[in-house]
Amino acid sequence: RPFLRGSCITVCCWIAAWPFDVVKSQMQSMRTSQVTHGCWSHAGTNGVAGLLLQTWRGHMLYRGLLPGLARACFANGSGMYAYQKVQQMR
């Protein structure tokens with residue numbers, strides 16, 4: 001059951017955090033000219049909220065979620081299983 005618990009917790013956390021990760025990745029991939037001369041020059045909270053809204057309108061908020069969840073479920077489920085086994089050895 002540790003594998004299943006680790007996988008379920010991972011899914012819940014990634015579903016909540018995925019939109020913010022998408023926005024972070026979009027901001028990191030912007031060219032310097034877009035950031036300094038564009039509307040994100042003073043990103044702050046309003047800039048991030050605007051980019052989040054723009055991403056939501058473009059239906060890209062959860063783009064790539066399924067492959068990310070598959071990887072995360074396997075990795076974190078395995079990690080929880082290994083952690084449980086180590087704890088049992090003590």
Item checked: Shared hydrophobic cluster for W18 and I15 (ILVMFWY, side-chain gaps under 4.5 Å) -> yes
Next item on the list: Any chance you could measure R1, atom CZ, to M80, atom CE, to the nearest 0.5 Å?
Entry: 14.0 Å
Notebook entry, point to check: Can you get from Y62 to V11 by hopping between Ile, Leu, Val, Met, Phe, Trp and Tyr side chains that sit under 4.5 Å apart?
Noted result: yes
Note to self: For residues W14 and F20: do they belong to one hydrophobic cluster (side chain heavy atoms under 4.5 Å, members Ile, Leu, Val, Met, Phe, Trp, Tyr)?
What the structure shows: yes
Can you give each donor-acceptor pair under 3.5 Å made by side-chain atoms of residues 64-76, sequence neighbours left out, with the distance rounded to 0.1 Å?
residue : atom : partner : partner atom : Å
N76     : ND2  : T10     : OG1          : 2.9
N76     : ND2  : A72     : O            : 3.4

Margin query: With a 4.5 Å cut-off on side-chain heavy-atom distances among I, L, V, M, F, W and Y, is there a chain of contacts connecting Y81 to Y83?
Written below: no
